[in-house]
Each structure stands twice: as structure tokens, then as C-alpha cells.
Amino acid sequence: MKTNGYDPLARFYRSLEFLAFGRALERARFQHFEQLRGRQRILLLGDGDGRGLALACQLAPHAQIDSVDFSAGMLRRAADRLSPADRQRVTLLQADVLTAEFPRNTYDAVTTLFFLDCFSPEQIRVCIDHVRPSLKPDAIWLYADFALPVVRGWARTRARIWLALMFTFFRWQTGLAIRELPPAEALLKTAGFHLLAETSRQGCFLRSAVYKNQFVT
Ligand SMILES: C[S@@+](CC[C@H](N)C(=O)[O-])C[C@H]1O[C@@H](n2cnc3c(N)ncnc32)[C@H](O)[C@@H]1O
């Protein structure tokens, strides 16, 4: 993907989402966000236009929050959502998540919302290995993304059609390199993250989950 791939989309991203899916992605995105309540250090990866950031600020009013995205356009929109007070405790970092430097043993929560589907399986492994040392041993990983329903039928066919359309669109607009959904949750589990809670919508096309770090440093 081009590093500025999402810049031209930043202004329309939310409207496009609502046109295509109504409020369904918003519900999936924030299904388990209550888990951020009371957290002290939060890392948002590829948060895009900052809707996740705005809600995280609300739920964790004392947290220091770092949000990393490589689209300057998206980060500008995220910044616009912040109150002057919240700007003091939020760091917006324009960087590639796969290579950005994160402080060790620091965050008690990390979020990837419709983000890991930008990566190949190998890149997700790299992402997990790269981010993990910055997590506290009992940190949570909030996850939301598309999934291909396992059971054959209309939900799976519909999902296939949507995924084909979306991958074509994002390849055209952002230079997205991958052509199919990576098995992100399986990779989190293989890496030792433990599933705490999960919600599926639209016949398992939309997944929201909470994973817990079980890695002892
Ligand atoms: C599909 S959008 C999802 C945005 C948001 N999380 C949401 O729920 O709608 C993916 C976001 O990840 C960012 N992104 C993609 N690959 C990235 C990378 N390697 N490092 C940092 N940001 C990345 C893009 O710029 C974009 O803002």
C-alpha cells in the first residue's frame, strides 16, 4: 500500500462507509470499547479518521493515548475531533505501524479496527511481534474486522461479493497489495493471545473481539 494511500479518501471515508454499510461497521467497531474504560495507556493502530480515538478519549479520560497511522489526511481528521484538553494527552504519530518505535511494556490496551485486513498474513505476524513488547503482560487487544462466514449460504456469498468489491476498490484507491482477507484472529491466537469476548454480525461477516495478552516478559 502507498503510505499516503488513504489521504484522498480521508474526507469521504466515513460517508462511504455509511453509504455501503449504514451503522453496521460502527456497531462492530465499538462493540467492546467499554473495555477501554479506566485504562491508562492506549495504543490505536491505523485508527483512520479518529472515531476510535474520540471514543477512547471519552471512555478513558485519564489515559495517555498514542494513535499511529501513516495517512496525514486521516490524522488531520483525527486531530479535528480532539478537544484542546485531550490534545495534551494524545500523541498522533504518522508512521508505519510495522516499523514505528513503541515504548516497551507500556500499553494496557491496543486497538486494530478494520486495520489488520490491510496486511498479508506475514505482515500481521510481523505486526504482532513488533507491537507485543510494548504491551503490558495483561493488556487487551480490541479487534474488529470483516470475516468470511464459514457456513455456506447467502451470508457467505454476500460476504464474498462485498470483499471482492472492497479489495478492488481499495487496491485502486490506496494501492492495497493483498487480495483476500488474512486470517488475523487465527494469527493472534497462534501468537498466544487469548479470546476474552467476541461478537459476530451479519452471519459472521463482521467480527468484534477482545483478546488478552498472555505473554510474560
Ligand atoms: C481501512 S482503514 C481503517 C480505519 C479505522 N481503523 C476504521 O475503523 O475505519 C485503515 C487505516 O490504516 C492505515 N494504515 C494502513 N496500513 C498502515 C500501516 N502499515 N501503518 C500505519 N497505518 C496504516 C490507513 O492509513 C488507514 O487510515
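For ligands, and for the atoms within them, numbers begin at 1 and follow the listed sequence. The first residue of the sequence shown is numbered 1, and numbering continues consecutively from there.
Taking CH2 of W141 as the reference point, atom CG of N213 lies at 9.0 Å (rounded to 0.5 Å).
The pair D138-K136 fails the salt-bridge criterion, with no side-chain N (NZ, NE, NH1 or NH2) lying under 4.0 Å from an Asp/Glu carboxylate O. For R125 and E122, the salt-bridge test passes: some basic side-chain N is under 4.0 Å from an acidic carboxylate O.
Of the options C118, A28, G46, the smallest heavy-atom separation from atom 4 (C) of ligand 1 is shown by G46. Considering Y13, F115, F119, F146 only, the shortest heavy-atom separation from atom 2 (S) of ligand 1 involves Y13.
Near L113, with a cut-off below 4.0 Å to any heavy atom, the atoms of ligand 1 are 3 (C), 5 (C), 6 (N), 7 (C), 8 (O). Residue-ligand proximity, A95 to ligand 1, at heavy-atom distances under 4.0 Å covers atoms 20 (N), 21 (C). Those atoms of ligand 1 with a heavy atom of R29 less than 4.0 angstrom away are 7 (C), 8 (O), 9 (O). For ligand 1, the atoms closer than 4.0 angstrom to any heavy atom of S71 are 25 (O). The distance from ligand 1 to the heavy atoms of D96 drops below 4.0 Å at these ligand atoms: 18 (C), 19 (N), 20 (N). For ligand 1 and Y6, the ligand atoms under 4.0 Å from any heavy atom of the residue are 1 (C), 2 (S), 10 (C), 24 (C), 25 (O), 26 (C).
Between Y107 and I42, every side-chain heavy-atom pair lies at or beyond the 4.5 Å cut-off. Looking at D69 and Y6, their side chains never come closer than 4.5 Å, going by heavy atoms from C-beta outward.
L43 pairs with exactly one of L93, T112, V131 by the side-chain contact (heavy atoms from CB on, under 4.5 Å) rule, that one being V131.
In this structure a side-chain-to-backbone donor-acceptor pair under 3.5 Å is present from D7 to A72.
Considering backbone and side-chain atoms alike, V97 places an N or O below 3.5 Å from some N or O of ligand 1.
By the criterion of a heavy-atom distance under 4.0 Å, both the backbone and the side chain of F70 are placed next to ligand 1.
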